[in-house]
Each structure stands twice: as structure tokens, then as C-alpha cells.
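Accompanying notes for the structure given below.
The structure presented is a predicted model; accordingly, all values stated were derived computationally and were not measured. Sequential numbering from 1 along the given sequence is applied to the chain's residues.
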Amino acid sequence: MSGALERAFTVLEYLAERPDGSAISTLATDLQLPLSASHRLLAELQRCGYVRQDPHSGLYVLTVKLVAMGLSFLSKSGIVDVAQPLLDQLAAASGELVRMAVVDGDALVFVARAQGARSGLRYDADMGMSVPLSCSAAGHAWLSSFGDDEAMTHLAKAGIARPEDYGPRAPTTIKAVMTVVRAARQRGFSMINEMFAPGMTAMAAPVLDRDGRAIGVVTIAGPAVRLTPARMESLGDVLLDIAAQVAKASAASSLFKNPRREVA
């Protein structure tokens, strides 16, 4: 049963990365699953309403059922009510994309955002994505809330992102990542330049609970031509202030209560 569940979730995650759908043969090959097993999994997921098959192309695509479940969970958790006004405030002050990620086990997942750019270049990344720790401002901010040993344990478990998959300046070793993390810890917030994506900069501050544990992260991201290092430095105080306000308001949301801190 556990094997079937794991395969089903693997299929869902695979299709989530392919909004245009996938042929069953391609899916089976990419996931190294027998064609017969892939057919049974897709048929069951289709029966449960999570997957549908396009009648014209024959491709399998996700339905909106998973999205609806996620939105329902976020709505009932109170996270949007708690954070959105503060994110809107930070977006207006920075004129850039502001997002919040929450700690989910040993990972960070973006759950809310506000777009402050009204014209010109706009950076707008996918929501719901799991954050790569080694090359993102959010990841560096979260890691900065740990001591070096625990931060490196998280890094070793998550792995180091490859520059060809992210930005040209993405650090390629744990030592290089930790240099950036230590600077973020000393500064109070992280700053990256073309580490996550070419031409993009970002900054982030951890949201700390009363015990000093990071339960989330607030980020600002934008084009490097506009969100320069000097501009990020000037936004540091307002970013830290918003992160602190989110922390104070977090008690109103069940999503922030007792975040798991898995390291093993």
C-alpha cells in the first residue's frame, strides 16, 4: 500500500510540473514505471478526480482538485488573513514582488504573495513551490536561524542546486553557501544576486516565534537592474519590521503552530 501511495504522489508531482499534460508512455519512461502500473495509477487518480485525460490529445493532466484542497487549507488556517495586509504593505514600500514561505517539515513552501511592481520589469515566480535552500534568499534566511552545524545538516540533506538549473552565481559547495548564510545571520536578512535566476536579485528575513525558531520567511525579489544591492540594504529595516509583525500575528494562524523541525 505504501508503495502504491508513493507512486501515486510521484505521478501527481510529475504532472504538476507539466500543465500541458503528459502521454502515459512518456510518464512511464520518465518515472521508470511499468506501463501497466502507470495505466492503473492514472485510472485510479482519474476515478478519484485528481487527473483527467484530454479526449482529443489523450494526454493526462491534473484537475483543479488538488489546488482547491490547498486553497481551502490555507483559507481555513488563517494564513492569508494574518499575512496579506503586511505583505501588501511591504510590496507597496518596495515596489517589488513580496512573498511569504512557511516551514513545512525540513522545507520551505511559498504560500502568499503581493506584487508591488506596477509597470516595467516584473518578477513573478510560481507559488506553492518548494524553495531550494542553497541558492535562494528564502533558503539562506531560514538557514541563518540555525547554528552552523544544524544549517549544514539541512543543506546536506537538501543538496546543492546546480547553477545551470538556477542562476549563474548559485554557490556550488556547502562551504560557499555557509559563507552567504553567515553574512545573512550577521546582517539579519539575506541578499542574493543572480543565484536563484539570471538577472534576478532577492532578499529575505526569517519569521521567528517566541522561542527564536524560524516558522516562515518573508522575501522581496525583483530585477537586478532595479533591486540593486544598495536598494536591498535600504529596504532592510522595513523587511525586518514586517517579518517581526508577521511573527507577532502568527498566533492567529494554525499553520504557524508547532512547525516540524526535521533534521535527521
Side-chain angles (χ1 to χ4, degrees), residues 1-77 79 99-113 125-136 138-139 142-143 153-166 170 174 196-197 215-217 254-255 257-264:
M1 184 63 178
S2 61
L5 280 173
E6 184 176 359
R7 285 182 172 185
F9 282 117
T10 299
V11 168
L12 290 173
E13 291 171 356
Y14 178 86
L15 291 177
E17 296 293 326
R18 293 159 179 80
D20 293 329
S22 172
I24 186 172
S25 58
T26 305
L27 180 148
T29 300
D30 289 348
L31 298 182
Q32 298 182 339
L33 295 173
L35 191 60
S36 58
S38 299
H39 186 270
R40 288 194 300 270
L41 280 170
L42 288 167
E44 189 67 12
L45 289 170
Q46 189 170 8
R47 184 187 68 80
C48 294
Y50 294 101
V51 170
R52 65 179 176 85
Q53 186 178 22
D54 187 279
H56 302 292
S57 67
L59 301 179
Y60 287 89
V61 297
L62 288 184
T63 67
V64 297
K65 187 172 183 177
L66 278 175
V67 177
M69 288 173 60
L71 291 175
S72 175
F73 169 72
L74 290 178
S75 175
K76 292 176 181 177
S77 74
I79 185 65
R99 292 186 292 173
M100 184 176 67
V102 296
V103 176
D104 183 22
D106 56 359
L108 286 171
V109 179
F110 284 119
V111 297
R113 68 179 170 189
D126 294 334
M127 296 301 295
M129 65 177 289
S130 183
V131 182
L133 300 185
S134 68
C135 64
S136 66
W142 184 45
L143 292 172
T153 300
H154 276 288
L155 270 175
K157 184 174 182 179
I160 304 297
R162 301 184 305 173
E164 56 265 35
D165 295 332
Y166 290 94
I174 288 180
F196 182 77
I215 54 177
V217 175
S254 60
L255 193 62
K257 294 177 181 177
N258 300 319
R260 294 177 293 119
R261 300 291 292 273
E262 298 174 1
V263 183

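Two residues are said to be in side-chain contact when any heavy atoms from C-beta on lie closer than 4.5 Å; Asp106 and Leu133 fail this criterion. Using a 4.5 Å heavy-atom threshold, the side chains of Leu155 and Ile160 count as touching. Between Val51 and Leu12 there is a side-chain heavy-atom pair separated by less than 4.5 Å.
Here the shortest heavy-atom pairing between Leu108 and Ala101 reads CB-CB, 4.3 Å. Contact detail for Trp142 and Ala107: the closest heavy-atom pair is CH2-N, 4.0 Å. Here the closest non-hydrogen pair linking Gln53 and Gln46 is N-NE2, 3.6 Å. The nearest pair of heavy atoms linking Ala138 to Phe110 is CB-CZ, 4.2 Å. Residues Pro132 and Ser136 share a closest heavy-atom pair of O-OG, 2.6 Å. Scanning both residues, Ala170 and Pro163, for their nearest heavy atoms gives O-CG, 3.7 Å.
One finds the CZ atom of Phe9 at 9.0 Å from the CG atom of Leu45 (value rounded to the nearest 0.5 Å). For the atom pair Leu62 CG and Glu17 CD, the distance stands at 10.0 Å (nearest 0.5 Å). Taken to the nearest 0.5 Å, the OH atom of Tyr50 stands 15.0 Å off from the CG atom of Leu42. Taking CD1 from Ile215 and CG from Asp104, the interatomic distance works out to 13.5 Å, rounded to the nearest 0.5 Å.
Residues meeting the side chain to side chain contact (heavy atoms under 4.5 Å, CB included) test with Ala37, sequence neighbours left out: Arg7, Pro34, Arg40.
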Acceptor/donor pairs from residues 19-33 side chains to any protein atom, 3.5 angstrom cut, sequence neighbours excluded:
{"unit_1": "Thr29", "atom_1": "OG1", "unit_2": "Ser25", "atom_2": "O", "d": "2.9"}
{"unit_1": "Asp30", "atom_1": "OD2", "unit_2": "Tyr14", "atom_2": "OH", "d": "2.5"}

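Residue pairs meeting the salt bridge (Lys or Arg N to Asp or Glu O under 4.0 Å) criterion with at least one member in residues 42-60, sequence neighbours excluded, are Glu44-Arg47.
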